[in-house]
A.B. asks: 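Input: one structure, supplied below.
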Amino acid sequence: MANTSKKAVKKLALKSLKMNRAKNSVLTFSVILTTVLFSSLFTIVGSLLSEFRASSMGQYNYIDMTAALVCAAALAIFIFSGYLIISNVFNLNIISDMKEYGLLKSIGTTGKQIKNMVKVRAKRICFVALPIGLAIGWAVGGWLLPMIGKFINTVGVNKGHVHMSIWIILFTIVFVYFTVSISSKKPCRMASKISPVDATRFTGGLKKNGKPKRRTLLVVLSLTLPLIVLNSAHTITNSFSTEAYAEDYVVSDFCVQDELLDNAGASEKNVNAVEGSFLAEASKQEGVEKIGNLYLNHGEHVFSPEVWSEIEDYFYSDEIVKMQIESFYTDEGYSVNDYLKDIHGKRTMEGNTYGIGELVADKLEDVQTMDGTTSIDWGKFNSGNFVLAERWQFANDGFLNIVSPGDKIEIEGHEYTVYALVDIPMEIEYPVYAPIECNFILPEDEYLSVYGKCSPMRTLIDVEDDKESSFEEWISCYTKSSSLSYTSKQSVTEDNKSFGELFAVAGFVVAVILGIIGIMNFANTMIASIISRAREFAMLEAVGMTAKQQKRQLIKEGLRYFIYTSFLSVIISSIVNVTAVKLFVNNLPMFSWKFSLTSLAVCLPLILVIIVIIPTATYKRLRKRSVVERLRTE
C-alpha cells in the first residue's frame, strides 16, 4: 500500500467524499459562502474601476482614496473571514475522520498520500462550490453596486452598472482556491503526520475531560463580534433624521440643474443647461412663488496694482495659503517663492464669476456688507455698480478674505465696488474647485449684459407649501424626458434613506458573515468535545445516567457560552454605542444619535436556540451507535 498509485489515492478520496456527504455539504457551503464574498467584492470593485477607465479617457478624473482604502480593508476582512470559516470546518472534518486516517496508515498508506486525499476532496468541493458562489456573488454585487456607487466618489458617469470581465471571474477563482488551500494546510499536515495509535486517541485540541483548551474566549468573542456589528449598524440606521436634514440641506424648495453637474465623474459639465423652455413652463405651474437663476463663467480675474498689493500683503502672506501653494502648484525645482514671483507680475487669480437673481441673493450666507449689515440690499446691489466676493475656504470652518468690502475690482473691463463678502451655499455653487480661486458675484441683469445672453447653471424655485407635491409630480415627469435633474426636500429625504439602507445592508451582511463564523466556531468546539467524550458518555449511560441527563449536561455547557456572550455583547455594544458610534453619528448632519440595544434583544434569543440545538443534535447522532460500540472507542 505504501506504493499506492495516484489513481488509487484519488479513488480513496472520492470514496471518502461519498461516505461523508453531510460533512462535505457543510464544507461546500463554506466554500460557496467564501466565493460569494469574493465574487460580490470583485464585481463591485471591478465595475467601479471600469467606470473610472471609461470616464477618464482623455479627461481629468480621480479615485477617492477613502473608497480605495475601504475596498482594501473589505478584501482583507473577507479573506480572513473565508479562511476562518473553511479552516473551522476542515478542522471539524479532521477530528471526526482522524480514526479513519489512522486505519489507512495502519494498512500502509503514507502521510503524503493522505495529504493528497484531503487535497483531492478540497478540489472536488471547489469544483462544485465555485459556479454556485460566483452566480450568487454577481447577483449580490449587482444589488449593492447602485447603493455604493451613489455615495462613493469613485467617479464614472454610468454609476450602478455591473461591468463583468474574465479578469473578475479569474481573480475570484484564484482567491477562493488560495483561501481553500491555506485553510486546508493545517488539517492536511495533522492528518498526514499523526500515527495510527495517536489517531484513535485524537481529541482535536481538547483536554482529557473533553473541555476546549483556551478556546472558550475565542468562541465567545466570535459570537459577540457579529452582535456588536449588527447593533452598531442598527443604531446608525435608527439615528437617521432625514426630514430635519432635508430642511437644513435644501436651499430652496426645488433646485434644477444638468443631471451631470454634481456628478464627480463627469469632467465636462454643462453650466448652461436650464433653458428658457423649462423656465417658461415652470413659471406657469400653480403655486410657484419665486424663481431665481444662478449663472457661471470661469476665467481669470485681473487686479489693479493697489488691490493686488493688499492681496499679497494679507492673503498670499498667510502660511495656510503658502502650504496650499506648496501642495498643488510647486514641484522639484519650483518653489513657493517662484510661484509668488510669477503671479506678482501677472496680478491674476483663477476663479468664477456668478450671476444671481434676487431669490439666490436671499440664500447667501455669512454676509458682511460695506455698510456693516448682514443682508443684501437688492436694490443697491442691482444698480450695476457693485459686486459680491466669496470668501476663500481652506477647511470646514476656515475662511480667508481675498479682497475687502469697498475694494475696486475689474471684471471683463468693467469696474465694480465690492459690496459684501459672502458664502455661496455648497448645495448650489459650482462643484469644481481650484486649490486657490477668487469668486465674484454679479446681479443677473449685469451679468447678462457683460457676458451676453445665456442659460442659467441652476434655477431655484420656491413653491407654496400646499402645492409642493403637485409641483414635484410635474418636475419629476419633466426632468425624466430631459437632461435636467432636480433636488427637493423629498428627493434629499429619499437619497438619505438610500444612504441609511446602505449602512443597514452593509452592517447586516458583515454581521451575518461574522455570525456564521461564530456559530461554526461554537459548533466546532461542541461537536469536537462530544466526539472526543463518546466513551465517557457511554460509560455514564452504562452505569445508569439517562440520555436526558446527558443532554441536559451538554446544554448547560452551551448555556455557559450564551451567558458569557450575552454579558460581553451588552457591555461592549453599550460602550461602542456611546463612544465610536455616537462620535460617527454626530459628525454627519443627517443623523441624530439614539442609544439602542434592540438588535441584541432580538438576536440573543436566536443565539440561545442555536446554542441549545447544536449539542442536542450532535448527541442524538452520537447515540445512534450502541453503548458497546462506544465503549470500545479508545
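Residue numbers run from 1 in the order of the sequence given.
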A.B. asks: Give the intermediate values and the outcome of side-chain contact (heavy atoms from CB on, under 4.5 Å) for residues Ser476 and Tyr486.
C.D. replies: CA-CA 8 Å; Ser476 176; Tyr486 75 94; 3.7 Å; yes
A.B. asks: To the closest 0.5 Å, what do you measure between OG (Ser566) and CD1 (Ile571)?
C.D. replies: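 Those atoms lie 11.0 Å apart.
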A.B. asks: Could you tell me if the side chain of Ser488 sits less than 4.5 Å from the side chain of Glu472, heavy atoms only?
C.D. replies: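 Of all side-chain heavy-atom pairs linking Ser488 with Glu472, at least one is under 4.5 Å.
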A.B. asks: Please find the pair of heavy atoms, one from Thr579 and one from Ile575, that lie closest to each other, and give the distance.
C.D. replies: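 Nearest pair, atom of Thr579 first, then Ile575: OG1-O, 2.5 Å.
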A.B. asks: According to side chain to side chain donor-acceptor pair (under 3.5 Å), who are the partners of Ser469, at least two apart in sequence or on a separate chain?
C.D. replies: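 Ser469: no side chain to side chain donor-acceptor pair (under 3.5 Å) contacts found.
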A.B. asks: Can you find a heavy atom in the side chain of Leu559 that is under 4.5 Å from one in the side chain of Leu608?
C.D. replies: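 In contact.
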A.B. asks: Quick one: list whatever passes side-chain contact (heavy atoms from CB on, under 4.5 Å) with Leu130, sequence neighbours left out.
C.D. replies: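 For Leu130 the side-chain contact (heavy atoms from CB on, under 4.5 Å) partners, ignoring immediate neighbours, are Thr35, Cys126, Ile173, Val176.
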A.B. asks: Are side-chain heavy atoms of Leu604 and Ser569 found at a separation under 4.5 Å?
C.D. replies: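 Result yes, sub-4.5 Å side-chain heavy-atom pair found.
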A.B. asks: With Phe595, which residues qualify under side-chain contact (heavy atoms from CB on, under 4.5 Å), at least two apart?
C.D. replies: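 With neighbours one apart ignored, the set is Ser574, Asn577, Val578, Trp593, Leu597.
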A.B. asks: State the CD1-CD1 distance between Ile563 and Ile611, to the nearest 0.5 angstrom.
C.D. replies: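 Output value for this atom pair is 9.5 Å.
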A.B. asks: Find the distance between CD (Gln490) and CD (Glu473) and round it off to the nearest 0.5 Å.
C.D. replies: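 Here the interatomic distance stands at 11.0 Å.
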A.B. asks: When rounded to the nearest 0.5 angstrom, what is the spacing between CZ in Phe567 and CD1 in Ile572?
C.D. replies: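 Atom-to-atom, Phe567:CZ and Ile572:CD1 are 9.5 Å apart.
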A.B. asks: Using the test side chain to side chain donor-acceptor pair (under 3.5 Å), find all partners of Ser599 that sit at least two apart in sequence or belong to another chain.
C.D. replies: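 Partners of Ser599 under the side chain to side chain donor-acceptor pair (under 3.5 Å) test: Asn231.
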A.B. asks: Give the minimum heavy-atom separation between Thr235 and Ser596, together with the two atoms involved.
C.D. replies: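 Where Thr235 meets Ser596 most closely, the heavy atoms are OG1-O, 3.6 Å.
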A.B. asks: Would the distance check show the side chain of Ser573 and the main-chain N or O of Val570 forming a donor-acceptor pair, the cut-off being under 3.5 Å?
C.D. replies: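 No, Ser573 side chain to Val570 backbone: no donor-acceptor pair under 3.5 Å.
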A.B. asks: Just to verify, what does Thr487 make a side chain to side chain donor-acceptor pair (under 3.5 Å) with, not counting sequence neighbours?
C.D. replies: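 None.
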A.B. asks: How close do Val251 and Glu427 get, heavy atom to heavy atom, and via which atoms?
C.D. replies: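 Looking at all heavy atoms of both residues, the shortest contact is CG2-OE1, 3.8 Å.
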A.B. asks: Rounded to the nearest 0.5 Å, what's the gap from OG1 on Thr616 to CD1 on Ile555? Could you check?
C.D. replies: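 With rounding to 0.5 Å, OG1 (Thr616) is 4.0 Å from CD1 (Ile555).
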A.B. asks: Can you sort out the partners of Glu468 under salt bridge (charged side-chain N to carboxylate O under 4.0 Å, His left out), two or more places apart, ordered by chain and number?
C.D. replies: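 Partners of Glu468 by the salt bridge (charged side-chain N to carboxylate O under 4.0 Å, His left out) criterion, ordered by chain and then number, come out as Lys489.
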